[in-house]
Amino acid sequence: MWKIINGKLVQTVDQTRTEYKTRISSSFIKKLKKMATENNSHIGYILENGFTNILNESSLIFDKKNRPKDRVELRTTCDKEILEALRSFAKSNKLNLNDVIEASENYINLDEVKHANWRYRIEKE
């Protein structure tokens, strides 16, 4: 992101975001990549939207017997506060974080997803 500091444009790192890695279904990752391409966004922004929407639910029903067998590692970024809230949500529902991440697929609203150029925004200090 860019900030205007003393009238000058300075490139900075967005301190509100954190990098994380998880293991989720490779077919889900393919769907996310397709959604990101079609909507001019990134996988992290799409997942973040699903996380925000799933946190509005009071509880989550998840069948652990139907976990996907094709899980692979994914590294991306997310807002720190949303990620911490998601971890607490997973713990309170007695689920693994990657189970909640995969369940968030049903809560993604593509109309509210940040665009790819969000990372190049300009903010005033």
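Predicted, not measured: the structure shown is a model, and the values here were computed from it.
When every heavy atom of A103 is checked against every heavy atom of F62, the shortest pair comes out as CB-CD1, 4.2 Å. The two residues Y45 and H115 come nearest to each other via the heavy atoms CE1-O, 3.5 Å.
How far CG of L60 is from CD1 of I54: 4.5 Å, rounded to the nearest 0.5 Å. In this structure, the separation between CG on L97 and OH on Y20 is 7.5 Å, given to the nearest 0.5 Å. Distance OG/S104 to CG/N49: 9.0 Å, rounded to 0.5 Å. Here the OG-CG distance, from S26 to L32, works out to 11.5 Å after rounding to the nearest 0.5 Å. Taken to the nearest 0.5 Å, the CG atom of D70 stands 8.0 Å off from the NZ atom of K30. Here the OG1 atom belonging to T77 is positioned 10.0 Å from the CG atom belonging to L47, to the nearest 0.5 angstrom.
The shortest distance between side-chain heavy atoms of L110 and V113 falls below 4.5 Å. Side chains of L55 and I82 form a contact here, defined as non-hydrogen atoms less than 4.5 Å apart. Between V100 and F89 there is a side-chain heavy-atom pair separated by less than 4.5 Å. Side chains of I108 and N53 form no contact here, defined as non-hydrogen atoms less than 4.5 Å apart.
With sequence neighbours left out, the side-chain contact (heavy atoms from CB on, under 4.5 Å) criterion links R71 to R23, R67, P68, N98, D99, E102.
Residue K80 qualifies as enclosed at atom NZ: its count of foreign heavy atoms under 6.0 Å is above 12. Crowding of K8 atom NZ: a count of heavy atoms from other residues, nucleotides or ligands under 6.0 Å not exceeding 12. More than 12 non-hydrogen atoms from other residues, nucleotides or ligands lie less than 6.0 angstrom from CD of E112.
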Applying side-chain contact (heavy atoms from CB on, under 4.5 Å) to L74 and F28, what does each step give before you reach the verdict? CA-CA 11 Å; L74 172 73; F28 181 40; over 6 Å; no

Could you tabulate the donor-acceptor pairs under 3.5 Å formed by side-chain atoms of residues 33-44, not counting sequence neighbours?
residue: T37; atom: OG1; partner: K33; partner atom: O; Å: 2.9
residue: N39; atom: ND2; partner: M35; partner atom: O; Å: 2.8
residue: S41; atom: OG; partner: K114; partner atom: O; Å: 2.6

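Side chain of N109 to backbone of D111: a donor-acceptor contact under 3.5 angstrom is found.
Here R17 pairs with E48 in a salt bridge; the nearest charged N to carboxylate O distance falls below 4.0 Å.
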